[in-house]
Q: 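I have a structure I would like to understand better, so I am pasting it below and will then ask my questions one at a time.
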Amino acid sequence: MRARQRHRPVLAGISIGRADVKSQATLGMAVYRNGMAGFVITVQHAMLGGVMIQPGYEVDGIDDGIPSQTPGFGDPIATYLDEDSSIQLYKLNPGVESKPGCIIDYGMIDDYVRGEEYEFLSKNTPVVMYGRTSGRVEGVIAETPFISGPLKIKPRANYSEPLTNPGDSGSPWILEEPGQPVKLVALHNHRYGSSYGIPVHPAFHTLSLSLKET
């Protein structure tokens, strides 16, 4: 899959990992911070405070188990935490460019879901995820979220296979409703056998992030 290749400039939906252990995850989104490019976000547990590399180590056997390490990211510089979840912000190393708001195999999204919108998301609203393992995944909101709590997501059709797979953690979940703006709503976080999304709006507000240059 293209998501597991080296990508410069970096963009959402590609393979990432920790530099010090065999690991795999997905880059959630390249963002601006205070109007400046050169930053990326993912879920904290995917990196556990380590140095991020791209692509991550391939340990799932799909890519013959051959580690591929291409340093390009620096240490984490800030972390947003709440009682349910966390999002970690990384600063790219000098010379590494990014495409804020762009998702591999999808393209640009319009914006992100802010707090006042998030609270009123409806059940069965279509959402789409782009993961380094599963690629494009289609789901719907299973429960109406509460302010900044996790977003539970279920398949659009009944089937026995998992909705997501190891390595998808950090993937962008986007709203994809016909005739409506396409917006980043959450980053993937597999919990307790179900698929959840960590809302992005608290981190965007707390860390002064944006998807468009200001």
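Residue numbers count from 1 along this sequence. Bear in mind that the values here come from a model prediction, so they are computed numbers and not experimental data.
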Q: If hydrophobic clusters are built by linking Ile, Leu, Val, Met, Phe, Trp and Tyr wherever their side-chain heavy atoms come under 4.5 Å apart, do Val140 and Ile174 end up in the same one?
A: no
Q: With sequence neighbours excluded, give me every salt bridge (charged side-chain N to carboxylate O under 4.0 Å, His left out) pair touching residues 25-47.
A: none
Q: Look at the side chain of Arg4 and the backbone N and O of Arg132, then say whether any donor-acceptor pair between them is shorter than 3.5 Å.
A: yes
Q: Out of Asn189, Thr164, Asp168, which one pairs with Ser195 under the side-chain hydrogen bond (donor to acceptor under 3.5 Å, both in side chains) rule?
A: Thr164
Q: Which pair of heavy atoms, one from Pro150 and one from Tyr196, lies closest together, and at what distance?
A: CB-CD2, 3.7 Å
Q: Considering only residues two or more places apart or on different chains, which pairs with a residue in residues 15-38 satisfy ring pair (Phe, Tyr, Trp, His ring centres under 6.0 Å)?
A: none
Q: More than 12 foreign heavy atoms under 6.0 Å from CE of Met108: is that the case here?
A: yes
Q: Counting only N and O atoms by type, is there a donor-acceptor contact under 3.5 Å from the side chain of His7 to the main-chain atoms of Ser15?
A: no
Q: Quick one: do the Thr26 and His188 side chains pair a donor with an acceptor below 3.5 Å?
A: no
Q: Which atom pair, heavy atoms only, marks the closest approach of Gln54 to Arg6?
A: OE1-CA, 3.7 Å
Q: Can a donor-acceptor pair be found, under 3.5 Å and without considering hydrogens, that links the side chain of Ser23 to the backbone of Gly17?
A: no
Q: Evaluate whether atom CD of Glu97 has more than 12 neighbouring non-hydrogen atoms of other residues, nucleotides or ligands under 6.0 angstrom away.
A: no
Q: Taking atom CZ of Phe204 and atom CE of Met29, what is their separation to the nearest 0.5 Å?
A: 7.0 Å
Q: Look at the side chain of Ser169 and the backbone N and O of Ala25, then say whether any donor-acceptor pair between them is shorter than 3.5 Å.
A: no
Q: Quick one: side chains of residues 111-122, donor-acceptor pairs under 3.5 Å with protein atoms, not counting sequence neighbours, listed by atom name and distance.
A:
| from | atom 1 | to | atom 2 | distance (Å) |
| --- | --- | --- | --- | --- |
| Asp111 | OD1 | Arg114 | NH1 | 3.1 |
| Asp111 | OD2 | Arg114 | NH1 | 3.0 |
| Arg114 | NH1 | Tyr112 | O | 3.3 |
| Glu117 | OE1 | Lys183 | NZ | 2.5 |
| Glu117 | OE2 | Arg114 | N | 3.0 |
| Tyr118 | OH | Gly149 | O | 2.5 |
| Tyr118 | OH | Leu151 | N | 3.4 |

